[in-house]
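This structure is a prediction, so every number in the text was calculated from the model and none was measured. The chain is numbered in sequence order, starting from 1. As a basis for the values below, the full set of heavy atoms in this structure was taken, side chains included, without hydrogen atoms, waters or symmetry mates.
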Amino acid sequence: MPEERSTPESEIPKNESLLDLVSEADKDVNSRISFEEFTDERLLISHDASGNKQMKIKVLEVSDENTPSKWKFGDRVKISKILITIKHLSNQEVEEAEFDIEAIERELAEKRHYSSTNRWVPANEIKNGYVTRTFHTRLISDAAALDHIIF
C-alpha cells in the first residue's frame, strides 16, 4: 500500500500560506472563458480564392464617432486602424502589416475620386478583438484598390 505523503510545514515557503495557494488555484478556474465568450478560430480566418493563404484582422483602433441611423443599421463601430496577419500555407510564412484605414480612405478619394464607407462594422462581428471573416473583404477593399495589399 503506497504511503500517503503530507507536506511538512518546513517545505511550504514562509511567505505563502495554504490559503494563498488555494486562492491562486481558484483564480485559474475563474480565468476560464464561458461558453458564450468562446469564439471558434474558424470564424476569424478567411482564405484566398486558391486556398494558399489565410488572413486574420485584429482591430487596433476604433473611432469615437457616433453611429448614424442606429435604428436602421444596428449597433456599429467605425474602425480606424487594423493589424492584418497573412499566413502562407505553402511555407508557413507569416506576414503582418498595420493599416490606417482612415488614411487609405482619404487616399482613395484623392487618387481615384471615389469615397468609401467600408469602415463601419457591426459590433457583434468583432470577437475577442478580431473581425469575423465575413467583413474582411469590406475592410481591405480600399487597400486592395490602391495595391497596398494583395490577397
| pair E107-L146: side-chain heavy atoms closer than 4.5 Å | yes
| field | Pairs where residues 44-59 contributes a residue and the test salt bridge (Lys or Arg N to Asp or Glu O under 4.0 Å) is met, not counting sequence neighbours | value | E41-K56
| field | Straight-line distance of D100 CG to K81 NZ, nearest 0.5 Å | value | 5.0 Å
| task | Spell out, as yes or no, whether a donor-acceptor pair under 3.5 Å connects the side chain of N128 to the backbone of Y130. | result | no
| message | Please check this pair: side chain of R133 against backbone of R42, looking for a donor-acceptor N/O pair closer than 3.5 Å. | response | yes
| remark: What one should report as the nearest heavy-atom pair of F99 and H148 is CE2-CB, 3.9 Å
| request: Assess whether side chain to side chain contact (heavy atoms under 4.5 Å, CB included) is satisfied between H88 and V94, documenting all intermediate values. | output: CA-CA 6 Å; H88 299 270; V94 176; over 6 Å; no
| request: Please check if V131 and V77 belong to a single hydrophobic cluster, counting links between Ile, Leu, Val, Met, Phe, Trp and Tyr side chain heavy atoms closer than 4.5 Å. | output: yes
| task | Report, as yes or no, whether the 6.0 Å neighbourhood of atom CD on E110 holds more than 12 heavy atoms from other residues, nucleotides or ligands. | result | no
| field | Residue pair L139 / I84, side-chain heavy-atom distance below 4.5 Å | value | no
| Candidate pair L83 and E96, rule side chain to side chain contact (heavy atoms under 4.5 Å, CB included), full reasoning | CA-CA 7 Å; L83 177 70; E96 281 190 335; 4.2 Å; yes
| Does the pair I82 and I101 meet the rule for a side chain to side chain contact (heavy atoms under 4.5 Å, CB included), with working shown? | CA-CA 7 Å; I82 57 174; I101 300 178; 3.6 Å; yes
| side chain to side chain contact (heavy atoms under 4.5 Å, CB included) partners of Q54, counting only residues at least two apart | I45, H47, K87, L89
| message | Within the structure provided, determine whether M55 and I140 are in side-chain contact (heavy-atom separation under 4.5 Å). | response | yes
| task | Apply the test side chain to side chain contact (heavy atoms under 4.5 Å, CB included) to residues V121 and V59: give CA-CA distance (whole Å), side-chain angles for both, the deciding distance (0.1 Å), then the verdict. | result | CA-CA 11 Å; V121 175; V59 177; over 6 Å; no
| message | Does any part of the side chain of V62, heavy atoms only, come nearer than 4.5 Å to the side chain of K78, both counted from C-beta? | response | no
| message | Using every non-hydrogen atom in the two residues, find where S46 and H136 come nearest and quote the distance to one decimal. | response | OG-ND1, 2.7 Å
| said: Side chains of E61 and I79, heavy atoms from C-beta outward: is any pair under 4.5 Å? | reply: no
| note | The side chain to side chain contact (heavy atoms under 4.5 Å, CB included) partners of S141 (sequence neighbours excluded) come to N118
| Minimum heavy-atom separation for K127 to L44, with atom names? | CB-CD2, 4.1 Å
| request: Please check if the side chain of R119 supplies one atom and the backbone of E105 the other of a donor-acceptor pair under 3.5 Å. | output: no
| task | Could you tell me whether the side chain of F135 reaches within less than 4.5 Å of the side chain of I57, counting heavy atoms only? | result | no
